[in-house]
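The chains referred to below are lettered A, B, ... by the order of the sequence lines, with proteins before strands, and numbering in each begins at 1.
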There are 2 protein chains.
Amino acid sequence: MADMTLTQLRAFVTVARLGSVKGAAQSLGVTEAAVSGAVAVLRRELGDVLFIRAAGGISLTPGGSRLAAGAAEIVGLAEETRHRVRQASSGTAHLRVASTEAGVEQVLPALLTSFGRRQPDLDVETLAVPVAVFGDLLRDRRADVTIGPAPHPAPAVESIPFLRFQLAVVAAPDHPLRHRQRLGPAQLAHEPWLLGPAGLDPDTLSGAFLAHIGVEATGAKAFPSVTASLNAVAAGAGLSVAFLHVVRDDLRRGSLIRLDVTGARLGGMLYASALTGERRSTTAAALCRFVTTPAATQAVLTRSNGVPMNEFRPPVHVTIWS
Amino acid sequence: MADMTLTQLRAFVTVARLGSVKGAAQSLGVTEAAVSGAVAVLRRELGDVLFIRAAGGISLTPGGSRLAAGAAEIVGLAEETRHRVRQASSGTAHLRVASTEAGVEQVLPALLTSFGRRQPDLDVETLAVPVAVFGDLLRDRRADVTIGPAPHPAPAVESIPFLRFQLAVVAAPDHPLRHRQRLGPAQLAHEPWLLGPAGLDPDTLSGAFLAHIGVEATGAKAFPSVTASLNAVAAGAGLSVAFLHVVRDDLRRGSLIRLDVTGARLGGMLYASALTGERRSTTAAALCRFVTTPAATQAVLTRSNGVPMNEFRPPVHVTIWS
DNA sequence: AGCCGACTTAAGCATTCGCTTGAGTCGCCG
DNA sequence: CGGCGACTCAAGCGAATGCTTAAGTCGGCT
């Protein structure tokens, strides 16, 4: 397998940006032939001409367009990674926490802000991923800790239960089903379900519940965030499932109501998982100890008031390529 | 500049995953010496031992931990990119649309769903980025179209205005400032402002407004999404600025109220920007034509009912490493 | 036509990569 | 202490990469 090279990708990215081989060559400080050659290798290997000359620049083929985007990202990531490794010994600890979409949105901000107060000089990154890859993420060292369901038991992974939670099926206050009792799959399956980006992940409790009552991807509507889906529910567009403690204020204010659902388990447990022994970083260990403290419980159950803007890092939605 | 190599990164990733050089060598089908050598090159180049042997596996240094995460991403992205380029000619068009955080959350879903209905077999990706890089993204071909403020005028970039919008300063219904008239910086600067991840981007109208009245990053609170910040506003935790058409329903229902603010421009224009001429893909051109149609306007101004789950792709938050 | 600029191709060369084999080195356990 | 397992180092080799110079090719322009 002939490998693409970072140099080749850099050459292509520069050509795509500047719109000419000559310009790219000047910008990279090499001859045009060098750039042309690098692109030729990519063309051959990928079986795509990638771009053709056009009036006042170049016109990318569909393949070239994808490569331009991917290559720019790869090159940027490579440089960024080198940079970060180089200044790794600069004191500030680093922690990558993976969780579900709902966890990243509604559990981690409060939890990690609270954790950060007793662990100063800490740089936290939050990742939203399918539960199915929790274990892989830990083993691959792409995450230090996962928060949410426990991954399948595995030799080097330890899961610590730390918080019992309840789910609530919610609807708008004037929803037709509001006074019905003991709702089951028959009544619920064909309602419009409004969910966050990963709302059907079958390894979450809410995803399992939705699967249980027979909700399909074609019948559910997705919103860019769990909160957005709940807002749409409040506006009367459908139903959703949410952490009870998250919607408690809405239920109290009456902007949402809770439906009476039967025949499904709606209580579950949050786990913090990490590698065992020496393989666990000290910061990860500190977080694993922290989650069982009352301070952590309180932070999660209290409605979040947001994170100070200057210490905020937006969550990263990681896509997993099998 | 000695370059890291994808093969070297792959070797390191495998070592990090399997916890041993031997295991990695077997998994990669080469000798241990090959793996050891690849890691040695990385060690030398990055000036970090990356990992040390520990009981039953390895223990990563801080630098090694960063490298494991970055390298896994780079290797995955490289393979994914190769794969995507290879099947680029498989018919389905591809479109990458960049916008602001608010745009990605509150404008693009409806706009692109509507666009997708008249442009079947379309694969759309949405990117949330700072406005300052809109132009670069287009020139680097990392995005086909940007939606939001117009980037600084540049030779090969064309911006098409398509929608006039208003911002509203919103608060909870019982907020102390609710009956005050003509609020100015003096009254507003030290209120708690609740914003989305990129709420202070000075190149957006709302960011400019906040800068104008003197809001600093230390005084503002960040939420994982714009919608979440608006929810917190409704709960009484502070103020926010939002697209008027997005909060119209909340204002009507009374879950939010609008404050009377003076001395600041709160009306603006949305632009669709793309490269000119041959450099613009046909799909990008189609979107540029579409945004000015009544269907597009209506889609944006109507409250979104979500995207069918089976055709939903979560937005990507791109980090730009200068 | 004729030329010019932009790109590609070809040949050549130093360097590096990626790999193997074989010989250490290090820590550990009986 | 001998030996064992896991890793590192050294030498070496074929095949790339990455670069150059030099010689085409192609299209547009006057």
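- Residue B/Leu18 contributes atom CG, which lies 15 Å from atom C1' of D/dA6 at whole-angstrom precision.
- Ring-plane geometry between B/Phe115 and B/Phe290 is classed as tilted, the angle between the planes lying from 30 to 60 degrees on a 0 to 90 degree scale.
- Side chains of B/Val97 and B/Leu287 form a contact here, defined as non-hydrogen atoms less than 4.5 Å apart.
- Closest approach of A/Arg141 to A/Arg96, counting heavy atoms only: O-NH2, 2.8 Å.
- Both B/Val41 and B/Gly29 lie near DNA chain C, and the one whose nearest nucleotide falls closer to the 5' end is B/Val41.
- The distance from atom CG of B/Leu42 to atom C1' of C/dG18 is 13 Å, rounded to the nearest whole Å.
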I would like to know whether B/Arg10 and B/Val13 meet side-chain contact (heavy atoms from CB on, under 4.5 Å); could you show each step before the answer? CA-CA 5 Å; B/Arg10 213 157 10 229; B/Val13 167; 5.7 Å; no
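- Whole-Å rounding puts the A/Phe12 CZ to D/dG18 C1' distance at 19 Å.
- Rounded to whole Å, atom P of C/dC19 lies 15 Å from atom CD of B/Gln26.
- The distance between atom CE of B/Met4 and atom C1' of C/dG18, rounded to the nearest whole Å, is 17 Å.
- Checked by atom type and distance alone, the side chain of B/Asp48 pairs as donor or acceptor with a backbone atom of B/Leu50 at under 3.5 Å.
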Table of protein N/O atoms under 3.5 Å from nucleotides 24-30 of chain D N/O atoms:
none

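- Side-chain contact of A/Thr292 with A/Arg289: a donor-acceptor pair under 3.5 Å is absent, judged by distance alone.
- Look at CG on B/Asp3: it is 12 Å from P on C/dT16, rounded to the nearest Å.
- Taking the screw axis at each terminus of the helix from C/dA1-D/dT30 to C/dG30-D/dC1 from five consecutive base pairs, the angle between the two is 10° to within rounding of 10 degrees.
- Figure legend: cation-pi geometry between B/Arg139 and B/Phe134 absent, as NZ or CZ is not positioned both under 6.0 Å from the six-membered ring centre and within 45° of its axis.
- Remark: B/Glu125 engages B/Arg84 in a salt bridge, criterion side-chain N to carboxylate O under 4.0 Å.
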Contact state string [nucleotides 7-12 of chain D, B base, S sugar-phosphate only, - no protein heavy atom under 4.0 Å]: BBB---
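- The CD-P distance, from A/Glu45 to D/dT17, rounds to 8 Å in whole Å.
- Cation-pi geometry between A/Arg43 and A/Phe12 is not satisfied (NZ or CZ under 6.0 Å from the ring centre, within 45° of the ring normal).
- Residue contacts shown for A/Thr31 include a base, since a base heavy atom lies under 4.0 Å away.
- Of the possible polar contacts, none joining the B/Thr14 side chain to the B/Ala24 backbone as a donor-acceptor pair under 3.5 Å is found.
- Here the closest heavy-atom approach between residue A/Leu127 and residue A/Ala143 is recorded as CD1-CB, 4.4 Å.
- Of the candidates D/dT17, C/dT20, D/dC19, the closest approach to any side-chain atom of B/Val30 belongs to C/dT20.
- Note: CG (B/Leu6) to P (C/dG18) measures 9 Å, nearest angstrom.
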